[in-house]
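These notes are about the structure you will find just below.
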Amino acid sequence: MLEHLKKLVAAQTARTGKRRTIYLTDDTLRDAQQCLWATRMRTEHMLPIAERMDQAGFVSMQAIALVQFDASVLFLNQDPFERIRLLRERITHTPLRGTVRSNLMRGFYPVADDITDLFVERQIANGIRDIGFLDALMCTDNVASSIATAHRHGANVTIALGYNIAPGYDDALYVAKAREAAERFRAHTVVLADAAGIMTIERVRTLVPAMKLAIGDKRLEFNTHCLTGLGPWLAIEAAVHGADSILTAVDPLANGNSLPASQMIARNLREIGFDVVVNDGLLDEVGDYLGALAERERQPVGIPAEYEPSHYITQYAGGAMSNLESQLKLAGISDKLPAVLEEIGRVRVELGSPIMVTPYPAIIAAQAVMNVLNNERYKVVPDEVKKYVCGYFGALPLPVDGNVKDRVVANGSKDVALTPPAIEPVLPALRQRYKSIGDDELLLRYMYGDEKVNGLAPTATGDCFSVHHPVVDLVAGLAKRPRQTRVQVSGNGFSLNAN
């Protein structure tokens, strides 16, 4: 395979007369820790490596999305806007990217444009320079207003198109959506987002060049995960066939449910003939810190996955998978995971095969859990499932199975109307209620309530999580011993004698 890719890249270089440069977008602090740590990385965990990551040469860095807002407030008692500000103080060269999940806020319900527009505005005001937009139904009406807001406030616009294996999701659809993103919405970057890592090599070879041709000189970014074990290969093939940048994570927060490793992707892209501008030494320093942090916090690191074809059925995203595992464990039913995953595959198809990115993995998993725990499928229907079926989230690309729809409507809450109500603006009432607070706090109180916001604590910004080399830790520990000790440590090209 490697020699074949080298020949393809060499032919490209011969045609253009210059080597292509492939850029890396970092997703360690956003999606990688979501995939592996169920989004439990604290702000103070990020700060010691922020400057190194800024200097590493990434074209941009994903810093935060609504999942991180949720985890910060609900589980970590931290202010997510403060996280953005503290990162921006240390990351001064690399653009930070925030992500908006359609017109959805906490609770996964559609909200009025005025509150989503304010959410975009305040991210930019706090230091975000690139706003990513993702609507899992590809319903552009859901994001048009917030995209206009991002442009108005001077941010780059990134539009992600979620990959799906389902009828109608062919190359022509993605080409049309990519062209719309570039031309109608003036996106700076278009992302082919394979959150579940379910693309095939053959599909990369047709879809990536077709999308690149459609968007011209706009940046085409490729995002995949490693759940099937093919993520690194998919990423390299995407670069060969036209992707300008690849989303990666710094090892050891790569692989497993996470993204391909920055260090490995950079090495392999150079090997086949591309230029990659990242600083490998700095990436290794960051990786050393992350490995020590994972050990200290008793969090997992990514392990390369074996090929797992079942993911092509569930199409369950990496971050959603870690959250599902965590939630089943907390509920005391972790033994049900295999049955739930099998049921997710069935429910997804019955509900019209939505792209399995937020919020649909959670919605479909909730129904799958209910089906597993009850003797009758769809006997218990979460409100979100009925709202989805009734069109609350937007027009559905594929129809819901007729028999399933009947059961969802019959067994779902009678409080959920069959016709979605009009979405009314919320800012006037919020401003009347909260007259003397800033917009950051207003948004947090709207999303999470007064009690949770009142409990937020300032981020510790000392050096308690600073990076140490193992030898430095050893010497520091020996210095604390009450009696004089003689120590000799040696290794490959290294010797230390201490009395």
Side-chain angles (χ1 to χ4, degrees), residues 43 63-89 96-135 139-157 185 358-359 383-384 387 392-394 415-417 419-459:
T43 302
I64 201 162
L66 267 164
V67 175
Q68 284 70 47
F69 270 79
D70 293 346
S72 294
V73 176
L74 299 177
F75 304 114
L76 306 178
N77 297 321
Q78 294 193 306
D79 181 344
F81 286 115
E82 181 189 43
R83 174 179 296 182
I84 296 172
R85 292 192 298 272
L86 291 171
L87 288 174
R88 173 46 64 198
E89 288 175 4
L96 291 179
R97 181 185 295 171
T99 302
V100 176
R101 58 186 180 212
S102 187
N103 59 344
L104 310 174
M105 301 287 266
R106 187 195 171 195
F108 299 152
Y109 292 142
V111 297
D113 287 340
D114 63 347
I115 196 71
T116 306
D117 293 348
L118 181 63
F119 183 60
V120 170
E121 176 187 329
R122 294 313 304 166
Q123 289 191 65
I124 297 169
N126 280 285
I128 294 297
R129 295 292 174 262
D130 183 348
I131 301 288
F133 297 89
L134 172 64
D135 183 89
C139 183
T140 52
D141 290 342
N142 288 341
V143 295
S145 180
S146 51
I147 289 174
T149 298
H151 279 303
R152 190 166 60 252
H153 289 277
N156 286 335
V157 167
F185 292 117
T358 303
D383 288 354
E384 292 88 348
K387 288 185 175 184
Y392 280 63
F393 296 92
D415 294 333
V416 177
T419 301
I423 302 176
E424 301 295 335
V426 298
L427 273 182
L430 278 176
R431 296 202 186 283
Q432 183 63 30
R433 179 181 177 185
Y434 299 109
K435 294 181 179 180
S436 58
I437 64 174
D439 283 343
D440 293 353
E441 186 178 341
L442 180 145
L443 281 164
L444 295 179
R445 290 184 182 276
Y446 165 73
M447 288 193 283
Y448 305 108
D450 295 334
E451 183 178 354
K452 290 302 300 183
V453 175
N454 289 341
L456 299 182
T459 297

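Treat the numbers as computed from the prediction; the structure is a model and nothing was measured.
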Inset, instruction - Heavy atoms only: give me the nearest Ala417-Tyr392 pair and the separation to one decimal. - result: O-OH, 2.7 Å
Legend entry - Nearest-0.5 Å distance that lies between atom CG in Leu134 and atom CG in Asn142: 11.0 Å
Legend entry - Which residues share a side-chain contact (heavy atoms from CB on, under 4.5 Å) with Asn77, sequence neighbours left out: Lys452
Inset, instruction - Enter the distance from Leu456:CG to Tyr448:OH here, rounded to the nearest 0.5 Å. - result: 10.0 Å
Inset, instruction - State, yes or no, whether a side-chain contact exists between Arg83 and Ser72 at a heavy-atom distance under 4.5 Å. - result: yes
Legend entry - Over all atoms of both residues, closest heavy-atom pair of Leu118 and Leu427: CD2-CD2, 3.7 Å
Inset, instruction - Not counting sequence neighbours, which residues clear salt bridge (charged side-chain N to carboxylate O under 4.0 Å, His left out) with Arg97? List them please. - result: Asp130, Glu221
Inset, instruction - Take Leu86 and Thr459, measure what side chain to side chain contact (heavy atoms under 4.5 Å, CB included) needs, and give me the verdict at the end. - result: CA-CA 9 Å; Leu86 291 171; Thr459 297; 3.8 Å; yes
Inset, instruction - Show the numbers, then the answer: is there a side chain to side chain contact (heavy atoms under 4.5 Å, CB included) between Val67 and Arg101? - result: CA-CA 9 Å; Val67 175; Arg101 58 186 180 212; 3.6 Å; yes
Legend entry - Shortest non-hydrogen contact from Pro425 toward Asp114: CB-OD2, 3.3 Å
Inset, instruction - Check step by step if side chain to side chain contact (heavy atoms under 4.5 Å, CB included) holds for Asp135 and Thr140. - result: CA-CA 7 Å; Asp135 183 89; Thr140 52; over 6 Å; no
Inset, instruction - Looking only at non-hydrogen atoms, find the nearest pair between Phe393 and Glu384 and report the distance. - result: CE1-O, 3.7 Å
Inset, instruction - Tell me, please, which residues at least two apart from Ala429 pass side-chain contact (heavy atoms from CB on, under 4.5 Å). - result: none
Inset, instruction - Flag the pair Phe119 / Phe69 as yes when their ring centroid distance falls below 6.0 Å, and as no otherwise. - result: yes
Inset, instruction - Give the C-alpha distance, both sets of side-chain angles, the deciding distance and a yes or no for side chain to side chain contact (heavy atoms under 4.5 Å, CB included) between Met105 and Ile115. - result: CA-CA 9 Å; Met105 301 287 266; Ile115 196 71; 4.3 Å; yes
Inset, instruction - Tell me, please, which residues at least two apart from Arg433 pass salt bridge (charged side-chain N to carboxylate O under 4.0 Å, His left out). - result: Asp450
Legend entry - Contacts of type salt bridge (charged side-chain N to carboxylate O under 4.0 Å, His left out), residue Asp440, not counting sequence neighbours: Arg85, Arg122
Legend entry - Spacing of CG belonging to Leu96 relative to CD1 belonging to Ile131, to within rounding of 0.5 Å: 10.5 Å
Inset, instruction - Report yes if the side chains of Ile128 and Ile84 come closer than 4.5 Å at any heavy-atom pair, otherwise no. - result: yes
Legend entry - Counterpart residues, salt bridge (charged side-chain N to carboxylate O under 4.0 Å, His left out), relative to Arg431 (two or more places apart): Asp439
Inset, instruction - With the side chain counted from C-beta on, respond yes when Arg445 and Asn454 share a heavy-atom pair under 4.5 Å apart, and no when they do not. - result: yes
Inset, instruction - Determine yes or no for a side-chain-to-main-chain donor-acceptor pair under 3.5 angstrom, with Gln123 supplying the side chain and Val120 the backbone. - result: no
Inset, instruction - Would you give the length of the straight line joining atom CG of Asn126 to atom CG of Leu87, rounded to the nearest 0.5 angstrom? - result: 11.0 Å
Legend entry - Spacing of CG belonging to Asp117 relative to CD1 belonging to Ile147, to within rounding of 0.5 Å: 11.0 Å
Legend entry - Interatomic spacing from OG1 in Thr43 to CD in Gln78 - rounded to 0.5 Å: 4.0 Å
Inset, instruction - Say whether Asn103 and Thr116, considering side chains only, have a donor N or O and an acceptor N or O under 3.5 Å apart. - result: no
